Amino acid sequence: MLAISAFRRFATTNVSRTMAPLTITLNDGKQIPWLGFGTGTALYGKNATESVRVAIANGITHLDGAQLYGNEDTLGEGIVASGKSRSELYVTTKLGKVPEGKTVRDTLVESLKKLRLDYVDLFLIHMPIHHEGRLKAVWKEFEGIQKEGLAKSIGVSNFRVKDFEEVLDGATIIPAVNQLEYHPYVYKASLPVLELQKKHNIVTESYGGLTPIVRHKGGPVDPVLSTIRARLEKDTGKTVSEGQVLGLWLRAQGVVEVTTSSKEERVKEYVSTQDLPELTAEEVEAISEAGSTVHHRAFVRTVHR
């Protein structure tokens, strides 16, 4: 019953369905598109120009980069190639390790040059383990960056409860988001940090959300996804994938989905998820409960030890 009772605590959602694309309201009042296209994972260290252009051409406006991905320059090239105006896009980058003699601001200015932008919509601390003993000081620099307008919103990634406790002590700006690996097989382990985030109205962004079907196939979530997929296909008359069901599970919780693909047909599938109806509360609970019987983390395991 843990998964069910926990779901009821976290099931409140602030996803707006009055406009396309779907958006979620952050604790600073700004809007973040529910669906994001990431330039890590399959694109890590690779030229992302064409993938970004294709993603934008198919309706994705939220682009998620990072200094550590090593391809901010080609993310910027993809943005230029898309022909979209800056105001139509939502761009994220993340802080990597701060080189000796540099400030956090210095690294963001370099990122902005690569991205060919004057500001990012969201700037995140990527890895708390890269700033051990300095998280509070780093966050103070982030607060200054937001006040200067170089980042419209600021947040964190891969944060645990203890990382939040360090940053929140003395913070004048609460992180707007925490981007972390989030899917049914880490749902139970994520409950403590989700509880803290709910207290401060911090939105969860999920990466690795398709792990149950691409990295841990054959687990207890599979039959639940299959049953829900069949129900949705019957009700809508559309072809629905199990990946889309996982996306709807995230959406039901008010969780931003950041995903990626080098295949245009997969990008179109992600975008069309926004037009599918909601899962029922019972369906969301069933996925959460099945996922809670297994623990499988695919990324950044050292952070969560």
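What you see is a predicted model; the values in this text were computed from it and never measured.
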- Query: Would E269 and S241 count as having a side-chain donor-acceptor pair, cut-off 3.5 Å?
  - Reply: yes
- Minimum heavy-atom separation for V284 to A252, with atom names? CG2-CB, 3.7 Å
- Are K268 and E265 within salt-bridge range, i.e. N to O under 4.0 Å? no
- Work out which heavy atom in P175 is nearest to a heavy atom in V167; give both atom names and the distance. CG-CG1, 4.3 Å
- Any side-chain heavy-atom pair of I173 and K147 under 4.5 Å: yes
- So F164 and Q197, side chain to side chain contact (heavy atoms under 4.5 Å, CB included) or not? Walk me through it. CA-CA 9 Å; F164 272 119; Q197 288 176 211; 3.9 Å; yes
- Side-chain heavy atoms of L95 within contact of Q67, under 4.5 Å: yes
- Take the angle between the ring planes of Y182 and W249 and call it parallel below 30°, perpendicular above 60°, tilted in between. parallel
- Message: Hydrophobic clusters here meaning ILVMFWY residues chained together by side-chain heavy-atom distances under 4.5 Å, can you tell me if V256 and V186 are in one?
- Response: no
- Please name all residues satisfying side chain to side chain contact (heavy atoms under 4.5 Å, CB included) with S226, sequence neighbours left out, ordered by chain then number. R229, E242
Do any side-chain atoms of residues 118-132 form donor-acceptor pairs under 3.5 angstrom with protein atoms, and if so which ones, sequence neighbours left out?
{"from": "D121", "atom 1": "OD2", "to": "R86", "atom 2": "NH1", "distance (Å)": "3.1"}
{"from": "D121", "atom 1": "OD2", "to": "R86", "atom 2": "NH2", "distance (Å)": "2.8"}
{"from": "D121", "atom 1": "OD2", "to": "V91", "atom 2": "N", "distance (Å)": "2.7"}

- Item | Donor-acceptor under 3.5 Å (R251 side chain, T273 main chain) | yes
- Task: Go through the steps for F299 and T211 under the test side chain to side chain contact (heavy atoms under 4.5 Å, CB included), then give the verdict.
- Result: CA-CA 10 Å; F299 302 93; T211 290; 4.3 Å; yes
- For residues A48 and L43, report the shortest heavy-atom separation together with the two atoms involved. CB-CD1, 4.2 Å
- Sole residue of T92, T93, I56 in side chain to side chain contact (heavy atoms under 4.5 Å, CB included) with L63: I56
- Message: Are more than 12 heavy atoms, taken from residues, nucleotides or ligands other than R266, located less than 6.0 Å from that residue's CZ atom?
- Response: no
- Parallel, tilted or perpendicular: which fits the ring planes of H183 and Y185, with parallel below 30° and perpendicular above 60°? perpendicular
- Rounded distance [0.5 Å steps], NZ in K152 versus CD in Q31: 15.0 Å
- Message: Please find the pair of heavy atoms, one from E233 and one from K238, that lie closest to each other, and give the distance.
- Response: CG-O, 3.2 Å
- Counting distance only, does the side-chain N/O of N71 pair as donor-acceptor with the main-chain N or O of T39 below 3.5 Å? yes
- Message: For the backbone of S153 and the side chain of D28, can you confirm whether one donor and one acceptor N or O come within less than 3.5 Å of each other?
- Response: no
- Note on the structure: Between the CG atom in L115 and the CG atom in D73, the distance rounded to the nearest 0.5 Å is 8.5 Å
- Where do P212 and P184 come nearest, in terms of heavy atoms and distance? CG-CD, 3.7 Å
- Message: Count I, L, V, M, F, W, Y as connected when their side-chain heavy atoms are under 4.5 Å apart, and connections chain through other members. Are F159 and V98 then in the same cluster?
- Response: yes
- Query: Is the shortest distance from a Lys or Arg side-chain nitrogen in E141 or R105 to a carboxylate oxygen in the other one below 4.0 Å?
  - Reply: no
- Side chain proximity check, E77 to R116, heavy atoms < 4.5 angstrom: yes
- Heavy atoms, side chains only, cut-off 4.5 Å: are T74 and V52 in contact? no
- Verdict with supporting geometry, D64 and Y207, side chain to side chain contact (heavy atoms under 4.5 Å, CB included): CA-CA 10 Å; D64 183 88; Y207 67 80; over 6 Å; no
- Query: Do S157 and E205 have side-chain N/O donor and acceptor atoms under 3.5 Å apart?
  - Reply: no
- Reported CD-to-CG distance for the pair Q179 and N158, which is rounded to 0.5 angstrom: 7.5 Å
- Item | Between OG1 on residue T107 and CD1 on residue I145, distance to nearest 0.5 Å | 6.5 Å
- Indicate yes or no: does K113 engage E110 in a salt bridge with an N to O separation below 4.0 Å. no
- Sequence neighbours excluded, the answer for side chain to side chain contact (heavy atoms under 4.5 Å, CB included) partners of A230 is none
- Where do P277 and L232 come nearest, in terms of heavy atoms and distance? CG-CD2, 3.9 Å
- Task: Would you check, one step at a time, whether the test side chain to side chain donor-acceptor pair (under 3.5 Å) holds for T103 with D106?
- Result: CA-CA 5 Å; T103 66; D106 291 337; 3.2 Å; yes
- Give a yes or no on whether K217 atom NZ has more than 12 heavy-atom contacts from other residues, nucleotides or ligands under 6.0 Å away. yes
- Query: Does W139 use its side chain to pair, donor to acceptor, with the backbone of L168 at less than 3.5 Å?
  - Reply: no
- Same apolar cluster: V258 and L194, side chain cutoff 4.5 Å: yes
- Message: Can you tell me how far apart CG (L276) and CG (L248) are? Round to the nearest 0.5 Å.
- Response: 5.5 Å
- Can you hop from F37 to V80 via hydrophobic side chains spaced under 4.5 Å? no
- Message: Just so I know, are the side chains of Q244 and T239 near enough to count as touching, which here means a heavy-atom distance under 4.5 Å?
- Response: no
- Message: Quick check against the 3.5 Å criterion: does D222 have a side-chain atom that pairs as donor or acceptor with the backbone of I213?
- Response: no
- N-O pairing of E143 and K140 below 4.0 Å: yes
- Look up atom CD1 in I228 and atom CD in E282, then write down how far apart they are to the nearest 0.5 Å. 10.5 Å
- Is Y270 reachable from V54 through a run of hydrophobic residues whose side-chain heavy atoms are each under 4.5 Å from the next? no
- After noting the C-alpha distance and the side-chain angles of V193 and R160, does the key distance pass the side chain to side chain contact (heavy atoms under 4.5 Å, CB included) rule? CA-CA 6 Å; V193 76; R160 303 155 292 188; 5.8 Å; no
